[in-house]
Structure formats: structure tokens, C-alpha cells
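Everything below concerns the one structure shown next.
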Amino acid sequence: MAADSAASARDEMLSAGARDEMLAHARELADALTPYAGPGGARIRLGVNIAHHDDTAADLEGYARPLWGLAPLAAGGGDFAHWDLWARGLAAGTDPAHPEYWGAPEGIDQRTVESAALGFALALAPERLWDPLSGAEKDRAGAWLARFLDARTPDNNWNFFPVMVSLGLDRVGYAHDRDARHTRLDRLETYALQDGWYSDGPTEQRDYYIPWAMHFYGLIYAALAGDDDPARTARFRQRAGDFALGFRHWFAADGSAVPYGRSLTYRFAQGSFWGALAYADVDALPAGEIKGLLMRHLRWWRDRSAATSPGGLLSIGYGYPQPAVAEQYNGPASPYWAMKAFLPLALPASHPFWAAQEQPQPADLPGTLVQPPAGAALMRSGGDVTLLSSRQHNTWARGGSAKYAKFAYSTRFGFSLPAGELGLVHGAYDSVLALSDDAGDEPVHFRVRETCHDPAVEDDGTLRSTWHPWDDVEITTWLTPAAPWHLRTHRIRTARALHTAEGGFAVSREPGTAAREEGAGRAMATSAAGDLSGLADLGAGPAREGQVLELLPGTNVLAPRTALPTLLTRLRPGEHWLRCAVLGAGPEQAADWKTAPPEPRH
């Protein structure tokens, strides 16, 4: 009895600790926003808007996006001192006569995105936002939101936004056409793929929008509307459970997630899927494992103080303020989609999620997992995760080829974005094969893989793709997991002479690199902390020379200043094969560089 009592007390302490930790984090982020609110409370302006949408929509982002965390906080009984500001803002923002009116949607409009947060908040916390309004204010707010039910949207995850609005209008009893949301949901289900994956519309797009949008909203719908739509919500739950089994491989032992794809400035929204699983009571994984995945992720981000400004605002960037990470749709308040990760705050303190003891990921997870729907192979080694990519591309997001089409992405080393178009130092060509047809000995214009053709997964987990940097240059690339290494093989058929530069992972050079190796067929650099990046040529084609380049500051998403081991050679017109083994490792595995690299398989 005494032992049971002690265990119960310990579990209650752990439960309260994680919940209090998350409550404090959510309040801290929201409190920092209040000095930037307008008198009416409807517009929160955090800086100069450089997004493609208008300033009013950007100010609406500042108001709406914190509600992804504040509404769950209220639903779970948490306190927040500034609800009067948000209630006042809802009345003002939906009043055409008020100076802070948000305006009506026109075409494909950013307001449609933000309306989802308002619908969600009304569904979870109407007593904080809706009940304080007068009858006339409720009529205006309901009419404003109802406009979004048939708003024009892209054919992708945006179809969920009117669904969230409908859930909110349901909760507050505002009459509306509920059939409209079922039409949207029917379309969303056509995006379903195998293993719980979706595409983000009828495209090749498979990135974080699958967990933090498609599954996140689907699980909210399952929790709030399951009794009315049981067959669909059962499918949403099943797909989320299937997805969870693979998605956990995207997270390293320290809680970090693989930096990959667009919208990285949303940061810990990467972990919001785990909170949504708990909220919808999907038990695909043990509660303790789900809790551990989410809490480690949130703590990893809290420890990266550079992600916020001195005033406590989330910055545009990833590991630090870095405007180059932003997409054309990212305004100054865009990062607050991160507050989706606080959805478990809607669960009562007695819920099994809070009572569960945090668990690490199972020790028997496979070292390599191939995910064909994403065209990816995930390698786990030394607690880190490396994602090999051979399917994805994005030609419209800012820096799309760097965010999707590099060969490898790492939780330890991140990836780099170009700072300019002239030369290897500006281009920051980590984890790519960069090619130039410039005449002379010092090329400055390079091309990389942008679009993968005929992607395939071979029996040993090798990812294959073909790409054409020029019409008369065809390259087939094979990427083979061999943790902690990976192997790269390129068959190049070219009608023109080429300079080539193949980069490994970019490693921090603050305050400097601890060791370097440059020379025939090898290039390596280690950080002051002992992280190692290296490439070893496997001798299939022309001899390659190893160099370590110091890239321009602000190119890598994790480390502000980096060095890049690179293999360089020149090719004459004809067919050539280039092969190398690539190692990215922490201090514990750096000794692997001294051993023979794996043998090529192609």
C-alpha cells in the first residue's frame, strides 16, 4: 500500500510538472504579444510585414494564431490574464464600422487561414471569446465567420479551414450550412495515401503540412464531431495511428525534429501531431511515448533562446532569427502557428496523457526506415536522425530546392540556404552535387537538383532519382543508407564540360573548426564541440580534391556560421560515375571517420 501510494504521488508530481511546464510556456509566449495590440485588441502588429498579403491580414495573424494555444489552455481550466483583450478584439475585428476591422475575404485570402483559429477557439473556449459579446456583436462575429464556409481555397490543406469555422459556429449555436464542411472533408479524404500519409492536395507535396495540418485538423474534427460523423472520424483516427508509427522516426533522441521543407518558421508546430493524438485519444503508441516525444520537442525549442527576440517574441527563422527561411506568405506573427503544440492543455489534469510517465523512443526501433509516400529514408544513429530525400521538390516556395531537393537533412547539422548566386561560398551547397558549365578555372554559376524524375525505392532501401540541370545533362543519383554513413552514386551523362562540387553537411565554425582534412579524395571538418562532417571519394571516376569552404554567415538553419567539406572535380563531355561516402556524426561517433567507409553498392 505504501509503495502504491508513493508511486501515485510520484506520477501526480510528474503529471503536474509537465502540464505546468506547458502552461507556463504558452502564457509566456502570449503575454509577450499584448504590448503590440491595438486599442481595439483586434490587431497585433509585431513588425514590418513583408508577406504577400496585406498588413491587415498580417495583424489578424498576430491576433488569431496565439489562439491555437490559448483556447486549449482555457478549455483545460488554465488561467490567462488577457482574455478581455481577445474578446474585445473579436468584437472589433468583425465590425465593419470599427477602425480595426479585419475586412472581408477576397479570392484566396490569408483571412481564410486565420479564420480557422477563430473557429477552433469558439469550439473550445466560447465562454472566453463569445459569451462576453453583446447580441449585436455576436451577430456580426457569426456573420463574418460564416463568409469563410464557401471561401475560395487552394486544393490542399486549406479545405480544413472552413471545417474549423463550422465547428466553432456549431458550438456557439450560430446557424449555418453544415453540408458545406462535408463537401470539404470529402475532398480532403481524396488526398489519402498509404501508411497514414496524405499528399497536400493533388501534388507531390509531402512535408510537415501532413502532421501539423492534415492530421492535426482531422484529429480535432474527430474529437469534436465524432458522434455526428463516426465513419469518417474513424478513418481519421486510423490514418493518424498508422502515420504515428513512421513519423516518430523524424525526431531525434534530444527532441529535435528533422529540419525539412517549407514553413520552418513555425518551429515546434512540428510536434503538434503528438498533442493532437493525445487530444483525440488515439492510442497508436503508449501514452508515455507520445508524451515524451512532445515534451522533449518543446524543451529542445525552449533551450534555443535564439529562436525568440529579447522581448520574448518568436522570430522569423528556425534556429535563430533568419529572414531567409521565410516564405512569401510569412508575416511577422506567422511563427505563432507553433502554439498548435499546446493542444493537450485542453485535456483535464486527470487525463491519462498527463498521468503517463514520459518514455524515450523504444531502443529497438529500426536504424533505417524507408517511407515511400514521402520518397524518404530515415536513418537513426547516435541519437540523431538523417533524412535522405529523392522525391520531393518545390519550385514556388522561397529556396524551394534547398528545402526539399537536397540529398540529406539532419537533426544535428540542419541544412543551408543560399545567400547569393555567385560561387560556392554564397551558394552554400551542402548535401548536393552542384554543377557549373562556366568557362575557366573559377566557376561562379552553379545548378543543383531541383526536380526529381522517376523516383524509386530499391530493395535495399536505396533511393533513386533522375534530374536534368540542363537539357543535355542527365544525372541519375542513388542514395543508400549505411548509418552512420550514407552513400551517394551519380551517373552523369553530359554533352558539355562541367565543374562539380559535392558537399557534405555544414558544420559549425564558431569559434572555429577544431580539425580539418583536405586533399586527394577526402574532406572533413569538426566543430569546436566535436561534431564531424566528412566525405570520402570512392574512386569511381575522375579524381576529386577535398576542400573545406567557409560559407557566408546566416546560411545554415541551425548554426549561424559554418564550414563545408566539399569534393571538387571537372568533367569532360561523356558519361561519368561519381561515388562517395558521407558521414555526419556527433563527438561519440566521430571516430568512424578513421575507419574505412562502406563499399559502394551501385
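As the structure is a computational prediction, the values presented were derived from the model and not from experiment.
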Taking NZ, NE, NH1 and NH2 as the nitrogens, is one of them in [X] or [Y] under 4.0 Å from a carboxylate oxygen of the other?
{"X": "Arg570", "Y": "Asp441", "value": "yes"}
{"X": "Arg206", "Y": "Glu204", "value": "yes"}
{"X": "Glu517", "Y": "Lys594", "value": "no"}

With a cut-off of under 6.0 Å to the ring centre and 45° to the axis, is Arg262 in cation-pi contact with Tyr209? yes
Arg447 NZ/CZ over Trp467 ring centroid, <6.0 Å and within 45° of normal: no
Step-by-step salt bridge (Lys or Arg N to Asp or Glu O under 4.0 Å) determination, Arg111 to Asp54: CA-CA 10 Å; Arg111 291 163 183 77; Asp54 59 78; 3.0 Å; yes
Do the rings of [X] and [Y] sit parallel, tilted or perpendicular, given the 30° and 60° boundaries?
{"X": "Phe247", "Y": "Trp250", "result": "tilted"}
{"X": "Phe161", "Y": "Trp337", "result": "perpendicular"}
{"X": "Phe243", "Y": "His215", "result": "tilted"}
{"X": "Phe415", "Y": "Tyr409", "result": "perpendicular"}
{"X": "Tyr217", "Y": "Phe160", "result": "tilted"}

Has [X] got a side-chain atom pairing as donor or acceptor with [Y]'s backbone, closer than 3.5 angstrom?
{"X": "Ser436", "Y": "Asp438", "value": "yes"}
{"X": "Thr566", "Y": "Gly503", "value": "no"}
{"X": "Arg509", "Y": "Leu551", "value": "yes"}

Heavy atoms of Glu599 and Leu487 approach each other most closely as O-CD1, 3.2 Å
Asn156 versus Tyr198, side-chain donor and acceptor atoms under 3.5 Å: no
Go through the side-chain N and O atoms of Gln371 and His249 and say whether any donor and acceptor fall under 3.5 Å apart. no
Measure centre to centre between the rings of Trp212 and Phe268, then say whether the value is under 6.0 Å. no
With Trp478 as reference, evaluate Arg488, Arg579, Glu458 under the side-chain contact (heavy atoms from CB on, under 4.5 Å) test and give the passing residue. Glu458
Assess the residue pair Arg493 and Glu575 against the criterion (salt bridge (Lys or Arg N to Asp or Glu O under 4.0 Å)); give the C-alpha distance rounded to whole Å, side-chain angles, the decisive distance to 0.1 Å, and a yes or no. CA-CA 4 Å; Arg493 293 169 173 167; Glu575 179 173 297; 2.8 Å; yes
